[in-house]
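Residue numbers start from 1 in every chain, and the chains themselves are labelled A, B, ... in the order their sequence lines are given, proteins ahead of strands. What you are looking at is a predicted structure, and each value in this text was computed from that prediction instead of being measured.
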Number of protein chains: 2
Amino acid sequence: MLTNPQKTASAANLRSDAGLASALRVSLARLNRRLRKQGTGHSLTPTQLATLAAVERHTAMTPGELAEHEKVQPPSMTRVIANLEERGLLARTPHSTDRRQVSITVTPAGIALLKEERRLKEAWLAQRLKDLTPEERATLRAAAPILEKLSTT
Amino acid sequence: MLTNPQKTASAANLRSDAGLASALRVSLARLNRRLRKQGTGHSLTPTQLATLAAVERHTAMTPGELAEHEKVQPPSMTRVIANLEERGLLARTPHSTDRRQVSITVTPAGIALLKEERRLKEAWLAQRLKDLTPEERATLRAAAPILEKLSTT
DNA sequence: TATTGTTATACTCTATAACTATA
DNA sequence: TATAGTTATAGAGTATAACAATA
């Protein structure tokens, strides 16, 4: 009832590259699962939250661009946007040149929600970091840009 | 159209604890998103995959235990198990002492699927690790157990 | 005629409520 | 009577197909 081959195996083989990949995969998945649970006082689905963040990051996007960016079909994005608009988190304005298109922007309420969401997640993580030794924190400081690089390659 | 306040902000404040939390949160989320896309040749939902992995890790579980473990309601777990059983990935056997209960175990096919899933994800990650310098890999080797500790605290 | 977005409809996943079998 | 699991039914999210408006 208590077998856990992954963890022990990854700890044992950490010196090899394959072992490092295995250990990182497990740790990353586990930590991310914990992190995702933090800051959920808004009842937005993952797609809704990702859409809101995408619009904020790109300042203004069309529904078509958003569907492409979030890997959903245009009709699905129509519904996501409609829901976020009802909540007052996104706003629709006419497109400047093409009247077929619509320009989507974040409202101040949407920005506030994203800010609070990030604050809660980071507060949880910062609390965990406080329980580490200074050396461990230094290691994570060095590792952060490397993890960043891994995902953008 | 190209504003990205998170990344620049997190890079700038990496020396503070709050800055480290912010940078880690963004990097972890991004890397995990990339990682989750790898190895999806089976068409299992996240819940199905997590259920399969849970049964493998614990050797044998009842539907009730699985529902509790995966944070879904018992009727939902009934359907997840039924689907995985149809695919030949899980098997049901009578419980040893209580005839109301059912014992769920992984089949060889289920074990093979999990192994392949992990292999694909780790192959992607190992490829990325090869592009790093030896020093960067050493940093990640040191960071892996710390990340592991963060999630289990 | 091609493109952008929406409406109509169906399927999947999960939930709550009611039911069956066993303790 | 209480517990483990299933069946019945409903709600949320996303997909494909058909449609309206504009280029």
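Put simply, the side chain of A/H58 gets close to the backbone of A/A54: a donor and an acceptor are under 3.5 Å apart. In this structure a side-chain-to-backbone donor-acceptor pair under 3.5 Å is missing from B/R25 to A/E122.
Rounded to a whole Å, the CD atom of B/E68 is 12 Å from the P atom of D/dA4. In this structure, CZ of A/R87 is placed 11 Å from P of D/dA12, rounded to the nearest angstrom. The CG-P distance, from B/N83 to C/dC11, rounds to 16 Å in whole Å. Rounded to whole Å, the distance from CE on B/M77 to C1' on C/dT16 is 17 Å. Nucleotide D/dG13 holds its P atom 15 Å from the CD1 atom of A/I81, rounded to whole Å. Spacing between atom CD of A/E86 and atom C1' of D/dA12 amounts to 14 Å, rounded to whole angstrom units. As rounded to whole Å, 12 Å separates atom P of D/dA15 from atom CD of A/E70. Counting to the nearest Å, the P atom of D/dA23 and the CG atom of A/D98 are 6 Å from each other.
Base contact: A/Q73 has a heavy atom under 4.0 Å from a base atom. Residue A/P75 is in base contact, counting any heavy-atom pair closer than 4.0 Å across all strands shown.
For D/dT22, its base never sits under 3.5 Å from the side chain of A/R99 at any donor and acceptor pair.
The side chain of B/S76 places no N or O atom within less than 4.0 Å of a non-bridging phosphate oxygen (OP1 or OP2) of C/dC13. At the phosphate of C/dT14, OP1 or OP2 sits under 4.0 Å from a side-chain N or O atom of B/T47.
The side chain of A/R79 approaches D/dG13 more closely than any other nucleotide in the set D/dG13, D/dT7, C/dC13. Of the listed nucleotides (C/dT22, D/dT14, D/dT7), D/dT7 has the atom at the smallest distance from the side chain of B/T78.
Both B/V102 and B/I81 belong to a common hydrophobic cluster when Ile, Leu, Val, Met, Phe, Trp and Tyr are linked at side-chain heavy-atom distances under 4.5 angstrom.
No side-chain heavy atom of A/R141 sits under 4.5 Å from any side-chain heavy atom of B/L24.
B/K121 contributes atom NZ, which lies 11.0 Å from atom CD of B/E116 (distance to the nearest 0.5 angstrom).
Mapping A/R100 and A/R92 onto DNA chain C by nearest heavy atom places A/R100 at the nucleotide closer to the 5' end.
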